[in-house]
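Okay, so here's the structure we're looking at.
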Amino acid sequence: MNDTDKDGKDAELRARLARLEEALRQRDEASAEQDAAAPKRSSFGRAMSVGLNAFSEFVGAIVVSALIGWQVDAWLGTKPWLLVLMLGLGTAAGFWNVYRVAKPKAPPGD
């Protein structure tokens with residue numbers, strides 16, 4: 001193998017390396033742009049989401065059960081006993097919903 005063949009192969013390899021480096025640089029730039037455009041969820045945002053979800057589950061259970069108790073009391077003329085009973089059941093259901101929402105998720109297969 002003479003020097004001109006060796007120099008030609010070296011130049012060919014350098015050109016190929018330069019093309020690969022340019023392709024990697026373009027891919028890294030595109031990836032960085034996509035990462036910058038993607039919304040980031042902070043841990044504070046996730047905590048607020050879980051907290052608001054638990055709050056709405058709790059309040060919803062109490063309000064729905066109170067409305068049911070109030071309406072059934074009006075139909076049956078037993079005021080305020082079914083309202084009181086349903087408020088107690090609604091509160092228990094609300095606490096159960098908060099527990100269900102806040103408990104750690106089990107890994108798949110357990």
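Any value given below was found using the heavy atoms of this structure, including those in side chains, with hydrogens, waters and symmetry copies removed.
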Shortest non-hydrogen separation from Arg100 to Lys105 and the atoms involved:
O-NZ, 4.4 Å

Between Phe58 and Phe95, what is the shortest heavy-atom contact and its length?
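Taking Phe58 first and Phe95 second, the nearest heavy atoms are CD1-N, 3.7 Å.
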
When rounded to the nearest 0.5 angstrom, what is the spacing between [atom1] in [X] and [atom2] in [Y]?
X	Y	atom1	atom2	result
Leu87	Leu82	CG	CG	11.0 Å
Ser42	Met48	OG	CE	10.0 Å
Trp70	Lys79	CH2	NZ	7.5 Å
Ser65	Ile62	OG	CD1	7.0 Å
Leu17	Leu13	CG	CG	8.5 Å
Thr91	Met86	OG1	CE	10.5 Å

Is the shortest side-chain heavy-atom distance between Gln26 and Glu22 below 4.5 Å?
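Yes. Closest side-chain heavy atoms under 4.5 Å.
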
Does Leu52 reach the side chain of Ser49, with side-chain heavy atoms less than 4.5 Å apart?
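No - every pair of side-chain heavy atoms lies 4.5 Å or more apart.
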
Is there a path from [X] to [Y] through hydrophobic residues (I, L, V, M, F, W, Y) whose side chains come within less than 4.5 Å of each other?
X	Y	value
Val84	Leu67	no
Trp75	Leu83	no
Leu89	Val64	yes

Taking atom CZ of Arg27 as the centre, report whether more than 12 heavy atoms of other residues, nucleotides or ligands fall under 6.0 Å from it.
no

Taking atom CZ as the centre, does Arg25 end up with more than 12 heavy-atom neighbours from other residues, nucleotides or ligands that are less than 6.0 angstrom away?
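Atom CZ in Arg25 is crowded, with more than 12 foreign heavy atoms closer than 6.0 Å.
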
